[in-house]
Amino acid sequence: MILVLGGTTEGRKAAEVLEEAGTLYYYSTKTGGQELTLSNGRRTDGALDEGAMWAFCRAHAIRLIVDAAHPFAARLHETVARVASAAGIPVVRYERIYPERDTDIVWIDDYGEIAADIHTLLATTGVQSIARLKPLEAAGIRVYYRILPRDSSVALAKAQGATDDQLCYYEDARRIGVEADAILLKESGLSGGFAEKVSAARDKGMRIIALKRPVLPEADETVDGPYGLRRAVERLLPEFYPLHSGLTTGTCATAAAVAAALRLIRGETPREVPVVLPDGETIHVAVAYGEDYAFAVKEAGDDPDVTDGLEIRATVRLAADGQTAILGGEGVGTFTLPGFDYPPGSPAINKVPREMIRRNLAALGRDLRVTISVPRGAAVARRTFNPRLGIEGGISIIGVSGIVKPFSEEAFIESIRKCMAVARASGSERVVINSGGKSERFVRARYPDLPRQAFVEYGNYIGEALRMADELGFRQVTLGVMLGKAVKLAAGHLDTHSRKATMDKAVVAQMLQKAGITIDISDITLARELWERIPPASLSSFAQTVTSHCREHCQPLLPEGNLTILLIDDNGRIYQ
């Protein structure tokens, strides 16, 4: 059993990660004020001192603690460390991502270090800090306190001597709200709005004072994002998830490149290296070394992937021309047709992995020539769709998130069902189903007022998701779809997985004709090439034709519902 200490953004994200397992866990907050809809988690509220935490862990057979509490909740972190040590329970700390400490900010370890030459100060360090800042008022400094707009917070502030004209309230992180010479912040990380507050203060020309985050007890593992948390749970409590995640070839290539560069530049050969994923979080990947290369072993987890177990190698040299270059070697395929991120003749290393490699190597401060190779890649590629797509000579180095979530049709459909149930429980009248993180990001801007739970990923199972929406009584359903899946859906394929459906050019040609568009599509490989082939003035007409065909197959699954279909292009433009 897992206990999550939450009440924070990280706690909410931790719950989302654990919900994927469909397994019972416990989620604890101090005040109970955090709004959170749980399907598999059981909530418990109230402060936990050492005795209470020990008793809870023993009563509920807790075998893993996820400490996602606020970084300044030092007493709670210490309590977790003592209880975990005594009970032999491993701890995963879900940390925040912190920006670099800029030199124009005054960094302090304690409130007593605030200089006395300030006339007015806006303190954003929380209602609990008011008593500790009162000495500044005694020294003649006018202090304003920004607090949460809660009755309990106002009462606590006044109990510590704050007056009505000293209180202001959180509305927008970029709004200062009062005129002051300086602002006092806690080093609360990106999720705590630290960067936004600093930017707003700079715009006002305010002196910025930041209280450094405390040094916390060591945990068994420290993560700063959802993928790292899932992998930590899979290692420390393997039975929690029915299926385990893996790494993309792009992440493996990045790890190999970092390891090879560390050996070249610093003479270091670590057994694992940090890799920053596209979402900004950092995971650690195991690596090893050959004579003139480093490598990471592709692990697919429980996803049925023919690349599982392949060595993804990187050879690194200093760049003679002063520019970092990423090249393909043995076993890495070559694009032979247009429509990919790079022109024909380029190595089949997609845009996101290239950006990952560049980003992770940039910290080393040297321009490098990186060659990615995959022994046995050419043989394995023949068992993939690469030859059909015009990728020849090897596998592709791919991956959007950096992590592979295990594919199981039954498990994935069940996860959709659970997410749909959570969406219904959130009270939202509308559910927005979309294929993944990219399409969701674009569509979310269309519905800024909907709760997070109202957005559900269907992957490829559009038909199943629509049937579930109908069963759960949703009367307002939005389907966000990108062109690759849309042309399959327009042809009647409610499951758009490539193993079951491919683009039917005959259907595409019929839709083009209906939209009054005459272009040659005989040589296209990917549906997204159509965005470039179709004249801009005709895009809306084509999009309406596609969505009309999609509606013919989808609307019957929602006999009582109103279906909105949004077609999204690669740049996020939405057609309806």
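Atom set for the values below is all heavy atoms of this structure, side chains included, hydrogens, waters and symmetry mates excluded.
Using a cutoff of 4.0 Å between basic side-chain nitrogens and carboxylate oxygens, D220 and R235 are not scored as salt-bridged.
Within 6.0 Å of CG in D151 there are 12 or fewer heavy atoms belonging to other residues, nucleotides or ligands. Remark: E113 CD is packed, more than 12 non-hydrogen atoms of other residues, nucleotides or ligands lying under 6.0 Å away.
Put simply, the residue from V4, D45, L3, I65 that forms a side chain to side chain contact (heavy atoms under 4.5 Å, CB included) with S28 is L3.
Ring geometry for F240 versus Y25: interplanar angle over 60°, hence perpendicular rather than tilted (30 to 60°).
Under the 4.5 Å side-chain criterion, counting only non-hydrogen atoms from C-beta, Y145 is not in contact with C168.
Judged purely by atom type and a 3.5 angstrom limit, D569 uses its side chain to pair as donor or acceptor with the backbone of N571. The closest donor-acceptor contact from the side chain of E137 to the backbone of V143 lies at 3.5 Å or more, if one exists at all. Side chain of Q160 to backbone of V127: a donor-acceptor contact under 3.5 angstrom is found.
With 3.5 Å as the limit, one finds a donor-acceptor pair spanning the side chains of E19 and N40. At a cut-off of 3.5 Å, with distance as the only test, a side-chain donor of T478 or R430 sits close to an acceptor on the other residue.
Heavy-atom minimum distance, L216 versus P71: CD2-O, 3.8 Å. Minimum interatomic distance between I397 and T249 (heavy atoms only, all atoms of both residues): CA-OG1, 3.4 Å. Nearest heavy-atom pair, S188 versus F194, reported as atom, atom and distance to 0.1 Å: OG-CB, 3.8 Å. Of all the heavy atoms in R213 and Y98, the pair that sits closest is CD-CZ, 3.2 Å.
For the atom pair M206 CE and I118 CD1, the distance stands at 9.5 Å (nearest 0.5 Å).
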